[in-house]
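What follows is a single structure, written as structure tokens, with notes after it.
Throughout, residue positions are numbered sequentially from 1 according to the sequence presented.
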Amino acid sequence: MVWAKSWTICPTCEHNSIKKTIQMASAQDTLLVQKGTYKEFEILVDKPLVIKGVDYPVVDGEKKGEIFRITSDNVTLDGLFIINVGVSYTKDNAAIRVVQSKNFLLQHLVLEELFFGIYLEKSSHGKVYHNRIIGEAVDEYNSGNGIQLWYSTDVEVLKNHVQGTRDGIYLEFSDHITITNNVSMDNLRYGLHFMFSDNDIYTNNTFENNGAGVAVMFSKFITMRNNTFRKNWGTAAYGMLLKEINDAEISGNTFEENTIGINIEGSNRIDYTNNDFIGNGWAIRVIGACYTNSFKSNNFLYNSFDISYNSKLNDNVFEGNFWSGYTGYDLDKDGIGDVPYRPVKLFSYVVNRTPETIVLLRSLFMDIIDFSERVSPVFTPDNLKDPQPLMHKRP
């Protein structure tokens, strides 16, 4: 029977190099990296090991390239402060890259001075837990993503804080991923960006003050619950962009003070329930080819435009929502308005075609054309209305 061994690494010890100690260690050993600074890069972890920092030792790549590359199953990295990843225009250098590995655990890490932070490539059944990833991205062309998953499956991304990168969290061809209780803020482009990734679940995350918000593209069977999308402002910004998304649940989320709460294009069979849209420019903006969607029990509070639509046809259901702009009455006191509410204003139709007219937003002219459209709909879908608007905000 072979017993696992524990190795102590420190700047003044017999073993003072992480890279060399990994080469000497056997599978299942533990490396305890003591406080200090270790100027190393291209550290290959090719056997099952636990590499644990004591009092956050610094691993400084001196901007020479990638720092850790994990190619073995059953590897744990824990409690390291990793800095100075090499920037490259030909390679996606990362502080930590996991390649074709299973059962990995990356936890309690601090990553700064990044190119890419954590990059998972064709890996599965792992956990990225409670890490702090801080970049200083200025331009997209020479910055990378905070946490990236590529062709990976069955991974938990939990309680991480990501900021100052290109995209905070990026997924491509990655299925059965759970992203929970993360904060992704102040990123150059997207707080979350995923494409061609199915059966993923996103809960209790905060996406705040990112360049363009969150982008969800070309995916199906997505669940997004109890997330917060806040203060994503800009001429091309939104809380969330949905493009070619099918069969999804979007519930219990808060979209607050975004240019556009949700921008929807070519997305079908999505249930939007119990969401709060608060103080956005547009709460929901629908751009063509969106069918069989359901909007129920949502709160629309003090948005400049609640719903923007670019078609005369409507195949979506709006029912039982609260609209702060509703001025109807409830004679039978059942909590449901007796008069249907038409959430699409003609002025939003005008702004879609001539953006410069937004300067007339608070003018009498706007009120007159919106009133005329409510009386006799010509440009907006006749059947786009909430027949049972709530009289009181949903708790």
Side-chain angles (χ1 to χ4, degrees), residues 3-72 74-86 93-98 101 103-120 126-136 144 146-147 156-165 168 180-186:
W3 296 95
K5 181 177 178 180
S6 182
W7 302 73
T8 297
I9 303 170
C10 76
T12 57
C13 296
E14 176 186 355
H15 304 294
N16 58 16
S17 164
I18 300 171
K19 184 186 291 189
K20 290 179 181 177
T21 307
I22 289 171
Q23 293 169 354
M24 291 185 286
S26 300
Q28 315 303 332
D29 284 357
T30 296
L31 279 59
L32 296 174
V33 185
Q34 305 297 313
K35 190 174 182 64
T37 298
Y38 302 84
K39 294 186 176 182
E40 303 186 49
F41 71 106
E42 294 183 352
I43 302 168
L44 178 63
V45 186
D46 57 357
K47 62 194 76 169
L49 294 172
V50 175
I51 302 174
K52 182 174 177 60
V54 179
D55 295 327
Y56 277 96
V58 175
V59 183
D60 183 353
E62 298 185 286
K63 298 191 181 297
K64 293 180 179 178
E66 199 155 76
I67 299 181
F68 280 94
R69 174 177 284 254
I70 296 169
T71 59
S72 168
N74 303 298
V75 170
T76 294
L77 283 189
D78 184 359
L80 303 171
F81 197 129
I82 304 172
I83 62 172
N84 289 325
V85 179
N93 289 334
I96 303 164
R97 181 183 290 267
V98 181
S101 301
N103 304 317
F104 55 88
L105 174 60
L106 309 177
Q107 67 176 4
H108 307 308
L109 304 163
V110 178
L111 312 181
E112 295 186 3
E113 301 292 330
L114 306 171
F115 189 44
F116 284 76
I118 293 172
Y119 196 125
L120 310 182
K127 189 171 185 178
V128 180
Y129 173 69
H130 210 280
N131 303 293
R132 186 170 177 85
I133 302 170
I134 309 296
E136 296 179 348
I147 299 173
E156 289 183 78
V157 179
L158 177 64
K159 290 189 176 180
N160 301 282
H161 181 103
V162 187
Q163 73 180 79
T165 64
T180 309
N181 285 313
N182 301 280
V183 174
S184 183
M185 61 186 295
D186 300 329

Is the shortest heavy-atom distance from the side chain of L44 to the side chain of I22 under 4.5 Å? no
Donor-acceptor contact below 3.5 Å, side chain N182 vs main chain T180: yes
Looking only at atom types and distance, does a side-chain atom of D29 sit under 3.5 Å from a main-chain N or O of S6, one as donor and one as acceptor? no
Quick one: pull up CZ in R69 and CG in N93 and give me the separation to the nearest 0.5 Å. 9.0 Å
Taking atom CG of L31 and atom OG1 of T21, what is their separation to the nearest 0.5 Å? 6.0 Å
Distance check, rounded to the nearest 0.5 Å: I67 atom CD1 versus N84 atom CG? 7.0 Å
Counting N and O atoms only, with roles assigned by atom type, does the side chain of S101 sit under 3.5 Å from a partner on the main chain of S72, one being a donor and the other an acceptor? yes
Among V98, V162, L111, L77, which residue meets the side-chain contact (heavy atoms from CB on, under 4.5 Å) test with I118? L111
Check whether K52 reaches the backbone of T30 with its side chain - one donor and one acceptor, N or O, closer than 3.5 Å. no
Lys/Arg-Asp/Glu bridge criterion (N-O < 4.0 Å) met for K63, E113: yes
Is there a side-chain contact between E66 and F116 (heavy atoms, below 4.5 Å)? no
Nearest 0.5 Å, please: how far is CZ in F104 from CG in L120? 4.5 Å
I9 pairs by side-chain contact (heavy atoms from CB on, under 4.5 Å) with which of V54, V33, I51? V33
Please report the shortest heavy-atom distance between G79 and P57, naming the atom on each side. O-CD, 3.6 Å
Would K19 and F41 count as a cation-pi pair here, with the cationic atom under 6.0 angstrom from the ring centre and within 45° of the axis? yes
In Å and rounded to the nearest 0.5 Å, what is the CG to CD distance from D55 to Q34? 8.0 Å
Of the options N131, N160, D78, which is the one that meets Q107 in a side-chain hydrogen bond (donor to acceptor under 3.5 Å, both in side chains)? D78
Side chains of M185 and H161 in contact at under 4.5 Å (non-hydrogen atoms): yes
Would you indicate whether the side-chain heavy atoms of E40 and S17 approach each other to under 4.5 Å? yes
Minimum heavy-atom distance between K47 and S26, given as atom pair plus value: CD-C, 4.2 Å
Calculate, to the nearest 0.5 Å, the distance between atoms OH and CD1 belonging to Y56 and I82 respectively. 10.5 Å
Indicate yes or no: at least one non-hydrogen side-chain atom of P11 is less than 4.5 angstrom from one of Y38. yes
